[in-house]
Amino acid sequence: MKRQEIKGILQSDAIGSTIKVSGWVRTKRESKNVNFINLNDGTVLSNLQVVADVTVFKEELLKKINTGAALTVIGELVESGGQQRVELVAKEIEVIGEADPDKYPLQPKRHSLEFLREIAHLRYRTNTFSAIARVRHSMIFAVHKFFTDKGFFNIHTPIITASDAEGAGEMFQVSTLDMSNPPRKENGEIDYSQDFFGKQTNLTVSGQLEGELAALALSKIYTFGPTFRAENSNTTRHLAEFWMIEPEMAFFDLNDNMDLAEEFLQYLIKYALDNCIEDLTFLSQRAQQEEKNKPQDQRSMELIEKLKMVSDNEFVRLTYTEAIQILQNSKPAKKGKFQYKVEGFGTDLQSEHERYLVEKHFKKPVILIDYPANIKAFYMKVNEDGKTVAAMDVLFPQIGEIIGGSQREERLDVLTEKMKAMDIPLDEMSWYLDTRRYGTVPHSGFGLGFERLITFVTGMSNIKDVIPFPRSPKNCEF
RNA sequence: UCCCUAGUAGCUCAGUUGGUUAGAGCGGCGGACUGUUAAUCCGUAGGUCGUAGGUUCAAGUCCUACCUGGGGAGCCA
């Protein structure tokens with residue numbers, strides 16, 4: 001007999017049929033005449049209730065059915081008198097894998113997220129983390145579907161790179177040299193010519209520069225790959241290893257870029273609402289429980305309501321200069337409530353300022369554009385005013401910056417001047433500059449932090465809970 | 001990296017101004033009862049209190065350093 005999955009069984013009308021299921025025990029309740037076993041196989045949030053008559057099965061067998069044990073059950077699907085629509089009356093039970101109840105760390109009770117993070121290899125077996133995993137998968141699929149439907153090509157940009165000019169953050173070095181005794185040059189510096197690649201190499205911090213190369217031939221491309229930053233960041237929204245989506249489009253100006261970013265985010269959120277509602281409803285209830293412990297003014301909107309709010313409403317678009325004005329005229333600024341003062345043009349916006357704009361002033365996502373040139377990366381296009389660049393940051397409630405992008409500087413002379421001013425070695429970047437030398441065109445792109453998106457969609461508050469195995473300073477378990 | 005905070009049984013926590021054999025709930029185990037729903041009731045076994053120093057007649061309880069977790073900031077996605 002072929003095994004059926006619980007997702008299908010729970011929707012099945014085949015009352016009276018004999019079926020075979022396999023899964024892991026969530027809870028077992030013992031009665032005088034029958035045992036109730038909640039079985040979950042991860043295909044869906046809900047469990048299948050298996051009813052085992054104590055007169056049919058040996059006590060020896062029933063004792064092995066503990067939380068965490070793996071079972072295969074053959075039985076008859078019947079209507080249930082309890083809370084669930086259907087249940088399985090067991091005829092045969094096989095314990096495939098036992099789980100010693102004295103040692104198995106997951107108990108039929110609520111665990112803290114911090115504890116579950118320590119046993120990340122087992123946390124998939126909880127409702128919360130299996131729900132997150134399913135939502136995460138749906139979002140991966142939706143990303144590829146969105147771009148495919150729009151005629152984008154997916155590009156695999158390199159994981160190991162030799163360029164360290166991107167400036168997106170500290171890099172992890174990749175080397176096969178003997179770290180305890182590396183070969184050295186006469187001046188004492190490490191001799192990387194003897195390293196695997198014959199030069200110093202790192203894990204990528206962004207696929208953007210390589211993405212630009214492809215976009216300037218294929219028109220519209222996107223990358224979706226791992227990204228590594230060796231920043232010593234200890235926050236709820238940073239990881240040392242995370243996944244980033246970076247579309248890059250030839251012949252797109254900043255407005256086209258913003259339109260795409262907004263449409264993309266709304267598409268993803270709508271996709272989650274349309275395809276993951278059972279998991280989202282569970283995650284919402286989970287979040288509401290947590291909210292009860294917070295003071296009234298710090299509570300956030302109910303998850304599904306929040307997702308609909310973002311997917312159904314246009315984002316606010318305003319310039320950096322307009323944002324500065326709003327902030328300077330804001331109540332917290334006048335009352336001196338901001339920790340960092342807004343000094344006028346040139347001030348780098350702090351997260352308290354971004355949060356004020358998104359959560360208090362506009363109460364919806366905001367796209368900020370035209371930042372001062374000196375606080376942004378070298379490749380961003382200089383605007384006509386000469387002091388701002390065509391940058392855009394999409395700011396979300398709670399998350400902050402979920403997307404960062406720009407129209408790229410396509411003019412060779414302007415770009416090289418800027419690189420010189422920022423001490424970026426032109427010779428190492430000659431391959432990049434070739435795009436501007438030969439058939440250069442206006443183009444734009446952005447980067448979406450995938451885990452930040454998942455954090456928002458699932459309503460989780462720590463980014464370490466939306467990636468299966470988080471890598472962060474002092475933590476590389478599993 | 002900086003600031004704040006925590007580190008006590010498997011988990012979540014309580015341990016009063018430092019003072020005799022360190023407590024509870026949940027979970028586990030044993031039993032009772034029951035078509036149950038993180039069942040209920042009774043009983044029972046688990047810890048020397050993050051690590052290393054120090055103060056003191058006496059430290060889980062005070063001090064110092066380190067480690068780890070959590071929150072916030074910076075950096076950013």
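Here is how names work: the chains are called A, B, and so on, in the same order as the sequence lines, proteins then strands, and each is numbered from 1.
Of the residues A/D370, A/N383, A/T319, A/T321, the one that meets the side chain to side chain donor-acceptor pair (under 3.5 Å) test with A/T388 is A/N383. Evaluated for a side chain to side chain donor-acceptor pair (under 3.5 Å) with A/Y222, the options A/H144, A/K150, A/E246 yield exactly one hit, A/H144. Of the residues listed (A/T27, A/N40, A/N127, A/D41), the one engaging A/N47 in a side chain to side chain donor-acceptor pair (under 3.5 Å) is A/N40, and it is the only one.
Taking 4.0 angstrom as the limit, A/R237 places a side-chain polar atom (N or O) nearer than this to OP1 or OP2 of B/A73. Regarding contacts with the backbone of B/U36, every side-chain N or O of A/S31 stays at 4.0 angstrom or more from both OP1 and OP2. Remark: A/Q350 is in phosphate contact with B/G74, judged by side-chain N or O atoms under 4.0 Å from OP1 or OP2. Within the 4.0 Å cut-off from OP1 or OP2 of B/A73, at least one side-chain nitrogen or oxygen of A/S351 is found. Between A/R452 and the phosphate of B/C76, there is no side-chain N or O to OP1/OP2 separation shorter than 4.0 Å.
Spacing between B/A59 and B/U21 at atom P, rounded to whole Å, works out to 12 Å. The separation of B/G23 from B/C67, taken at their C1' atoms, amounts to 28 Å, rounded to a whole angstrom. As rounded to the nearest Å, B/C2 and B/G19 have P atoms that lie 35 Å from one another. Nucleotides B/U20 and B/A39 place their P atoms 40 Å apart, quoted to the nearest Å. Nucleotides B/G53 and B/U61 place their P atoms 15 Å apart, quoted to the nearest Å. Between the P atoms of B/G60 and B/A52, the separation comes to 13 Å (whole Å). Here, B/G47 and B/U8 have their C1' atoms 8 Å apart, quoted to the whole Å.
Base orientation of B/G46: syn, the glycosidic angle falling within 90° of 0.
The residue A/I403 sits close only to the backbone: its heavy atoms come under 4.0 Å of sugar-phosphate atoms, none of a base. Backbone-only engagement by A/D102 is indicated by non-hydrogen atom pairs under 4.0 Å involving sugar-phosphate atoms exclusively. Within the 4.0 angstrom heavy-atom criterion, no nucleotide atom of any strand lies near A/K28.
Both thresholds, 5.5 Å between centres and 30° between ring planes, are met by A/F242 relative to the base of B/A77, so the two rings are stacked.
Below the 3.5 angstrom threshold, one finds no donor paired with an acceptor across the side chain of A/E114 and the base of B/G70.
The environment of NE2 in A/H156 is sparse: at most 12 heavy-atom neighbours from other residues, nucleotides or ligands sit within 6.0 Å.
A donor-acceptor distance shorter than 3.5 angstrom exists from the side chain of A/Q266 to the backbone of A/V310, with no hydrogens or angles considered.
A centroid separation of less than 6.0 Å is found between the aromatic rings of A/F264 and A/F147.
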Under the rule of Watson-Crick or G-U wobble with both distances under 3.5 Å, where | means paired to another strand and [ ] a crossing pair, RNA chain B maps to (((((((..((((.....[...)))).(((((.......))))).....(((((..]....))))))))))))....
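Judged by a 6.0 Å distance limit and a 45° cone about the ring axis, A/K376 is positioned over the six-membered ring of A/Y371.
Spacing between atom CD of A/E401 and atom C1' of B/A73 amounts to 16 Å, rounded to whole angstrom units. Per the geometry, OH belonging to A/Y104 stands 13 Å off C1' belonging to B/G27, to the nearest Å.
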Apply salt bridge (charged side-chain N to carboxylate O under 4.0 Å, His left out) to residues A/E451 and A/R136 and explain how you reach the verdict. CA-CA 9 Å; A/E451 283 74 20; A/R136 186 177 165 111; 2.9 Å; yes
